[in-house]
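Beneath this line is the structure, given in structure tokens, with notes to follow.
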Amino acid sequence: MSGRALLAIGCDAYAELNPLTGAEADAAAIFELLIQPQIGDYDANRSRLLRSPTLQEVRLALTDMLFGDQPLDTVTVMFAGHGAVSGGSFYMAMSDSRAHALSATALSLADLFRMIAEAAPRQSYLVIDACESGGLISDLNVILKSEVMGELGTPGVTLLATAASNEGAVEVGGHGVGTTALIDCIRGDTFLQDSTTALDLVEIGRAVSERVSAAGQQTPVVWGLNLYGPPGFCKNPHAGTGNAPLRSVLVGWPDAGTSAAIGTNLRRLWEPYVAIPTRWEPRAFLNAIAPLLSSVGDDSEMRINLARRIADACAAQASESRDRYREIEVRAACVVALLPFAADAKVEAYLVATCGEIAALVEQVTNAAVSAIDAYAFALVTGGMSDLYYLPIRISKLLGWAGFAVHAALAAGEDCGSAGTSLADLFARIFETYSLSLVAMSDEQAPYVLSTLTAASRAGLNEQSERLLGHLFASGVDCRGRVAQADLDPSKVLEFLIARTEPPEEASIDMVAQPTELVLVLLRASRLFDLAEEFDTSLEALDHLALNAYLPDDFLNFGAEQIMGGVNAVFQIGHDVWSVGDIEAAWPNRPSPESPGVAMAALLASLLFPDRTPWFLMPLQSSVEITSEESCVASA
Amino acid sequence: MASAAAEPDPRFRCLERAQYEEAFETSFASLLGKMQANSRQMFVSKQNILRMNHGGTWVHAARDPEPDTSMHSISTEWTIPFKDIAENDLGLIARTILPINEEMEKQFALNMYGVVGAAAEKVGNVVDAKAEGSFAKSMLEMFRKIELGVDRNGEISMPQIHVGPGMAEKIAKELESVPPEIEAEIERVKAEKMQQAREREANRKAKFKGSAS
């Protein structure tokens, strides 16, 4: 059981004083935050929230909290309401307090400290957001010099008062400005430091003081005497994160509302942001930035600006990773996050430009991969036994991303010669050392293989494409099309590999993609290189195999975790199709992306989330031959 | 003398998911663990396996000191050729896992026989087949020296004979040609040992307070 107790008092309703509107909400907001284990870790069973209580109710609550059976380590008392200095003493007014009888009807700070001193917790925190609450300092000087604290030993005492003695507390939007600033510090929206695991009220108080004073509304007072032990007001949300670059996202927004909205949503980004170099999860990252981009209303320029800031901050974090593709994936995720807004022309233009920048990075990394393989042939073997599964997938990904660079150049109306040459160089190194790893292993490969083959086709790399396609299709036939599900649980991978060494019929069906998009990609791509008739002769070996293509209604939500609408076009070999031509003849006429920016962002979505395939890259039967004018030729 | 600079890692890390690799490693270790558990059962029943998380020795504090109560570690290492990975040679799995398991099983067996041998040596429970003059006589001597146990169901546990593959066939033949008088004596000693085992078990049980026996 935690030895931490919190009493939050908010007083809006007064029998004989003017009513307030935000005090209860302030107290409730602080209370709800601090009892959360990951934030304040105050013991919910020992903590109380009192809304407009009488003096007697407060005294009873204090008695229970301070003098219960269990040891008390830390006490925090928060008061929001009317405060007043009378006769050199500070009083907190409760619902039944009278202005001219404060000593008898209000809670004096001296009384509160006598109780705390008797209970003798190791640390005490007092937060007061009230008129004249700065007056508590004069009271405190008396209290600390007197017998009140001295006899029992002085505990660590820290006070934060958010209105000076001659000022009134200001409420904005239902909350006191001091409380709002305090909440921002506790939640981590206002960055204090990232070197200690807990925050003390003194350092929070300084930040609150700066913010509130800068607004010219109040002059908070912070007073701390914590001589006993480490800080412990609340946990530090930024401990060890070293996330200074991300803070730059918050700087310099034109209006306070936008800044606050961004600040609120930015909290969700901390965790995925910190994980970028080590445990990168594109979905978690996208889920964190999507609300941020939605928080800026309809202003597309502001949204683009925010997306760019997030991308730059997170790309800087990605540079800490040993993974050469991490920055590219992070930037790609920021592009995909903008996809739902791409109907706006400015966003569309930004997507095209940004995809071009990402393509340039891809080309650099592809060339670096080529150099690495030249220096050490097995440079791509980076795992252990698991690479029997992951290396074929990783090679598909490398080729697929290199294909993206070709597609992006063409989408921007530029020459793809350079990107095509990089792709050709990569092909050459793969064929030299890794040709036996060009196997159909998982449905996860579908979007990458499609990106590669369509890009290679447009870059005139037909020979390389035929070779790649031949390897993949042969292995696909060998395993009877039983490739792994795209989202195969990594703990099942070894089992899948062992099953793959057995006859295909033995493969555990619950690990196999059924239907499969990868085999459908291979079959449809055969048309691009005049291999369809040859593949047709192997289709009997794939008898009964179910194939699928998910085709969305539109591409603005192509990055969503689950895309609504659209259609799954299913074909079953030997039941409704017997040749590649049958598939093409029955291929549904579905919408393509409406603009180059959407198309490239949708392609990035499928490269980040390979459970969706960019079928729009595959030219329809009628247009296969009409590619010469749109193509470029790579020098191999 | 200048020291050689560390070689830079020549590998090109890209498009990795550390969490997937970790999950694979865990499943690999789990498979090896299951195989080891199966091997262990050949020597020790599950009921006699104690698991401890800390320390490097143990004592049966209420018993007389035992000869060797230190933890013995068994370990092996294996090499995965990058070429086999690059060529997607799935046979690598069996070629790696089976030798690992065999090596671990071998080390476990050596430890087991070492511990059993040391314990037998200490109490003089060693039979020299040459000194006895024949297999039949050494079998008889063996029965005279051992004590039979009683399992948790109250059944007598007969001794197991662990021999190398070549010896098993020889022993089977020898057992068929044991002279009748020695066989009778073996049976008599066996019956006597079984009776002694039951008595020991009854005495053990009788030590519980309120025991019916």
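- Scanning both residues, A/L388 and B/D84, for their nearest heavy atoms gives CD2-O, 4.1 Å.
- Considering only heavy-atom pairs separated by less than 4.5 Å from chain B, the leading option among A/S491, A/G383, A/A372, A/S371 is A/S491.
- Heavy atoms closer than 4.5 Å to chain B are found nowhere in A/A377, neither backbone nor side chain.
- Summarising the geometry of B/P10 relative to A/A379, their closest heavy-atom pair is O-CB, 3.5 Å, with the distance given to 0.1 Å.
- Taking chain B as the reference chain and counting heavy-atom pairs below 4.5 Å, the highest number among A/V439, A/L494, A/T278 is found for A/L494.
- Rounding to the nearest 0.5 Å gives a distance of 7.5 Å between CZ of B/R17 and CG of A/D323.
- Both the backbone and the side chain of A/A369 have a heavy atom closer than 4.5 Å to some heavy atom of chain B.
- Only the backbone of B/D89 comes within less than 4.5 Å of a heavy atom of chain A; no side-chain atom from C-beta onward does.
- Contact residues of residues 138-154 of chain B toward chain A are absent (heavy-atom distance under 4.5 Å).
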Original post:
What do the steps show when you test A/V365 against B/F12 for side-chain contact (heavy atoms from CB on, under 4.5 Å), and what is the final call?
Top reply: CA-CA 10 Å; A/V365 176; B/F12 187 83; 3.7 Å; yes
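- The contact between B/I80 and chain A is made entirely by side chain atoms (from C-beta outward), counting heavy-atom distances below 4.5 Å.
- By the 4.5 Å heavy-atom criterion applied to side chains, B/E22 and A/S386 are not counted as neighbours.
- Pairing each heavy atom of B/A86 with each of A/L391, the nearest pair is CA-CD2, 3.9 Å.
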**OP:** Take B/Y20 and A/V493 through the side-chain contact (heavy atoms from CB on, under 4.5 Å) test and state the conclusion after the steps.
**Re:** CA-CA 9 Å; B/Y20 295 178; A/V493 164; over 6 Å; no
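- Residues A/W280 and B/Q19 share a closest heavy-atom pair of O-NE2, 3.4 Å.
- Top candidate by heavy-atom pairs under 4.5 Å with chain B, chosen from A/P490, A/S435, A/A375, is A/P490.
- For A/I328, no part lies near chain B; criterion is any non-hydrogen pair under 4.5 Å.
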**OP:** Test A/R322 against B/D9 for side-chain contact (heavy atoms from CB on, under 4.5 Å), laying out the working first.
**Re:** CA-CA 11 Å; A/R322 66 183 185 179; B/D9 187 346; over 6 Å; no
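- For the set B/A94, B/A23, B/C14, B/G91, the count of heavy-atom pairs under 4.5 angstrom toward chain A peaks at B/C14.
- In this structure, A/R500 CZ and B/N88 CG are separated by 7.0 Å, a value rounded to the nearest 0.5 Å.
- For the side-chain hydrogen bond (donor to acceptor under 3.5 Å, both in side chains) with A/T382, the lone residue among B/E16, B/E21, B/R11 that qualifies is B/E16.
- Taking OG1 from A/T501 and CD1 from B/I93, the interatomic distance works out to 6.5 Å, rounded to the nearest 0.5 Å.
- Between B/I85 and A/G384 the shortest heavy-atom distance is CD1-O, 3.4 Å.
- Of all the listed residues (A/P392, A/S321, A/A368), the one sharing the greatest number of non-hydrogen pairs under 4.5 Å with chain B is A/A368.
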Subject >> Derivation of the side-chain contact (heavy atoms from CB on, under 4.5 Å) call for A/E329 and B/L15 >> reply: CA-CA 8 Å; A/E329 289 192 287; B/L15 300 158; 3.9 Å; yes
